[in-house]
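For ligands, and for the atoms within them, numbers begin at 1 and follow the listed sequence.
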Amino acid sequence: MVGQAYDTKNSISATNPTKKVGLSPDSIINLDQGDPTIFESYWRKMGDKCTTKISGTDCMSYFSDVGNLCWFLEPQLSDAIKGLHRTVCNAVTEDRYMVVGTGSTQLFQAALYALSSPSGNESISVVCAAPYYSSYKEETEFLQSGLYKWAGDASAFDKDGPYIEVVTSPNNPDGAIREAVVNREEGKLIHDLAYYWPQYTPITCPADYDIMLFTFSKSTGHAGSRIGWALVKDKVVARKMTKFIEVSSIGVSKESQLRAAKILGVLIENCKHFGTADSNSFFGYSQGLMTKRWEKLRDVVKNSQIFSLPKYPKEWCNFTGKYTESHPGFAWLKCKEETDFEILLRSQKILTRGGERFGVGRQYVRISLLSQEEAFNLFLERLSAIKGQGIISDENPL
Ligand code: PMP
């Protein structure tokens, strides 16, 4: 839990991480979760444009659209999501079933259920190439389901028979653009495209896969609304995913869906002026923020003897009409020294997530770059003071 990781006296408020309390040299900086508060400044600039008014009689029924396969999906949200993908050109939406979930976290579990076979004798293996998003393992193992089981790194998977491979692109934690690695006929794929948005990576083509997961959390930064969506080719799979959500939560909050629809509507409208002098585009703004953070971080890493970061190629982005580099939401930082890097950073009051959680070694850590500015700058200050052998330079700001 976020709150447990914080020293509540000396950190950004745990119960309201978006409320600034001011950081001191003693503060713990929590860059473990990818809480996307970096984008708050854009939405603040939008003022009341995104305000959703919901009266006491609104949203009372369980049902949103009884004629639709996903009967709890609000038509306004479905239209806004299709409009968003048409604007960004990052995914095919034609001839797909859309399933809304309480975050893409719920949809991942719904997809596992939908792709496994209740009549099978054996549970189906779930794999993902390392370094993989740590939550897949946790979510797959949590209920000790007989339907599916976590089988770890897809690159080392050599068992015959059916399997589910999760392909995360761009990848969390390392920002790499990925394809499936097992490539066998019995394989079923889940593409997690949470970060396939212009602020993080060049949009090279509309994604066109069997099951694609997206989330409001990482596209706009509204993680608290808990809205995710799946674009699904196969009707039977979409129906089973819908059933899973029906049984686990009888649908998804209508208030959240309507708010998401409203915010996406404003975002789409603002994209129309992208690239012009009066542009107020969210993606232009957020790409600028991410680019600046990566420049500052690369500068610190360049001046250090012991850290390294992945490099990303420049690719043509169909959305911006430019060659751009990836600026992932996480830094996948490697320490060249033999050390438990997470513990080293913890000693400097920087909370990160160590490589072992992602299926690799302890010399790696994943660091969120989506925090508020103050925490990010303090993190850079502390990082630049680490000079090797865990030794902190004399100019250590602590
Ligand atoms: N997939 C990936 C790759 C993620 O990084 C995250 C969030 N950290 C999720 C899914 C979960 O997103 P949501 O907030 O929609 O549950």
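Tyr364 has its ring centre no less than 6.0 Å from the ring centre of Phe358.
When heavy-atom distances to ligand 1 are checked against a 4.0 Å cut-off, Arg226 comes that close only through its side chain, counted from C-beta outward. With a heavy-atom cut-off of 4.0 Å, Tyr195 touches ligand 1 through its side chain alone. Of all the heavy atoms of Lys218, the ones lying under 4.0 Å from any atom of ligand 1 belong exclusively to the side chain. With a 4.0 Å cut-off on non-hydrogen atoms, Ser217 touches ligand 1 through its side chain and not its backbone.
For ligand 1 and Thr168, the ligand atoms under 4.0 Å from any heavy atom of the residue are 3 (C). Residue contact check: Asn172 has heavy atoms under 4.0 Å from atoms 3 (C), 4 (C), 5 (O) of ligand 1.
When only modelled atom types and interatomic distance are considered, Gln106 and Ser249 share a side-chain donor-acceptor pair under 3.5 Å.
When side chains are defined from C-beta on, Leu69 counts as touching Lys235, because their heavy atoms get closer than 4.5 Å.
A donor-acceptor contact shorter than 3.5 Å is absent between the side chain of Arg366 and the backbone of Gly354.
Annotation for Arg184 and Tyr163: closest pair N-OH, 2.9 Å, computed over non-hydrogen atoms. Here the closest heavy-atom approach between residue Tyr62 and residue Phe72 is recorded as O-CB, 4.5 Å. Scanning all heavy atoms of the two residues, the minimum distance from Glu373 to Lys296 falls at OE2-NZ, 3.6 Å.
The N/O atoms of Tyr136, backbone and side chain alike, include none that comes under 3.5 Å of an N/O atom in ligand 1.
Compare Asp192, Thr102, Thr105 by their heavy atoms: the one nearest to atom 16 (O) of ligand 1 is in Thr105.
With respect to atom 9 (C) of ligand 1, the closest heavy atom belonging to the protein is Tyr133 OH, 3.6 Å. When only non-hydrogen protein atoms are considered, atom 10 (C) of ligand 1 lies nearest to Ser104 OG, 3.2 Å.
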